[in-house]
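Since the structure comes first, as structure tokens, the remarks are kept for the end.
Below, chains carry the letters A, B, ... as their sequence lines are ordered, and counting in each starts from 1. Note that these values count all heavy atoms, side chains included, but never hydrogens, waters or copies made by symmetry.
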There are 2 protein chains.
Amino acid sequence: MIVSQTAEYALRAMAWLATVPRGEPIRATDLSTSTGIPPHYLSKVLRRLVLADLLVSQKGQGGGFMLARPAAEIPFIEILSAVDAYPTEGRCAFGWGTCDDAHPCPLHGVWSRLNDHIHEWASSTNLQEIADGACADERFVAPVEHE
Amino acid sequence: MIVSQTAEYALRAMAWLATVPRGEPIRATDLSTSTGIPPHYLSKVLRRLVLADLLVSQKGQGGGFMLARPAAEIPFIEILSAVDAYPTEGRCAFGWGTCDDAHPCPLHGVWSRLNDHIHEWASSTNLQEIADGACADERFVAPVEHE
DNA sequence: GCATCAATCGACATCTAGATCCATTTATCC
DNA sequence: GGATAAATGGATCTAGATGTCGATTGATGC
């Protein structure tokens, strides 16, 4: 498993929201049925995304959630950070308390090489890419099933 | 968290074993104190590595564990596969039941790009690199602390 | 053969991410 | 202002990953 379930849900929800015209709020309930994410769990994830300034929420009648910024300005790394999922900094796979570039543990080199890859990917990928690749009407049709 | 705790332990144990001269078996107990991995848990991880033909074990007096092959012939991907940790194939981050290159979900493209990176890293990195970078006497000295 | 050493195995405890439920707050519409 | 819609927040439940324990099996040396 590359990322946690929560992180995956966050990406899914954001990806979906990126495909609807910006400015029209989507209700958590609708988002839940569309994406297959359990409703109560989704609302918690959404809340964290609001706190991270990636979404804005509107309570009451006609309310819902929408992107706080244009999709092109939301890189994946911000989404992952918003739901934790993106530490690995400072942690050492070898169990050393102190492990940095100055005093690297044996795994440090290869480990940070992987980290760089992931960081690069998460920084250079943004929601607009998803929105471009996916026509909301065609490809977002009901999931066949979700396990 | 990029990989599970178990996977991290597996890498640690293998990395350590790669730094001792091949042919001399290391006891699980010793490996446990050296790496800071809980002893009984470690032995479960080791067993899985044995089943995956990455380690050989020797019972009784003078027994222990050692690499089944030269370090250079053990890529990380085999270690990760041995302790699960390496599926992501077939799973779809979007919750679609069917998601392949022919019928990709909206996240499919960027997702598999990340997968490729990780796969490339895990395949091209082997234990020899670790052994080369780490002198067993100097850099493997007692972990300062482990959380 | 017997004692000892070390891996193996199964059962059990604990901890945490994931998921659910329900009461509360805030906004909108009439 | 009252009814309704929708997000918010806390408390709780559950399953799976993590970690522990004790007993067993197999190998070695004497």
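A:M66 has its CE atom 14 Å from the C1' atom of D:dA7, to the nearest Å. Counting to the nearest Å, the P atom of D:dA7 and the CZ atom of A:R48 are 18 Å from each other. Between the NE2 atom of A:H40 and the P atom of D:dG10 there is a distance of 16 Å, rounded to whole Å. Across the protein-nucleic acid pair, A:L55 atom CG and D:dA7 atom C1' stand 13 Å apart, rounded to whole Å. Protein atom CD of A:E8 is 10 Å distant from nucleotide atom P of C:dG18, rounded to whole Å. Across the protein-nucleic acid pair, A:L51 atom CG and D:dA7 atom C1' stand 12 Å apart, rounded to whole Å.
Taking only side-chain nitrogens and oxygens, B:Y9 comes nearer than 4.0 Å to OP1 or OP2 of D:dG19. Look at B:S57 and you'll find a side-chain N or O under 4.0 angstrom from OP1 or OP2 of C:dT8. For A:Q58, no side-chain nitrogen or oxygen approaches OP1 or OP2 of C:dT26 to under 4.0 Å.
Remark on DNA chain D: of its neighbouring residues A:V50 and B:L42, the 5'-side contact belongs to A:V50, judged by nearest-heavy-atom nucleotide.
Considering only heavy atoms from C-beta on, B:W111 comes within 4.5 Å of A:L11 through its side chain. Inter-residue side-chain proximity for A:M14 and A:L49 is flagged as met; some heavy-atom pair is nearer than 4.5 Å. In this structure, A:Q128 and A:P70 have side chains that are not in contact, with every pair of non-hydrogen atoms separated by 4.5 Å or more. Side-chain contact check for A:Y9 versus A:T35: every heavy-atom pair is 4.5 Å or farther apart.
A donor-acceptor pair under 3.5 Å is formed between the side chain of B:T19 and the backbone N or O of B:W16.
By the side-chain contact (heavy atoms from CB on, under 4.5 Å) test, B:A28 pairs with B:L46, B:F65, sequence neighbours left out.
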Between protein and nucleic acid, restricted to nucleotides 1-5 of chain D and to nitrogen or oxygen atoms under 3.5 Å apart, what atom pairs and distances do you find?
| unit_1 | atom_1 | unit_2 | atom_2 | d |
| --- | --- | --- | --- | --- |
| D:dA5 | O3' | A:Q61 | OE1 | 3.4 |

Are there any protein N/O atoms within less than 3.5 Å of an N/O atom in nucleotides 12-17 of chain D, and if so, which ones and at what distance?
none

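Electrostatic pairing of A:D30 and A:R27 counts as a salt bridge here, judged by a charged N lying under 4.0 Å from a carboxylate O.
In summary, the side chains of B:Y41 and B:T6 do present a donor paired with an acceptor at a separation below 3.5 Å, with no hydrogens or angles considered.
Below 30°, between 30° and 60°, or above 60°: for A:H117 and B:H117 the angle between ring planes is below 30°, a parallel geometry.
For A:K44 and C:dG18, a side-chain-to-base donor-acceptor distance below 3.5 Å is absent, hydrogens and geometry of angles not being considered.
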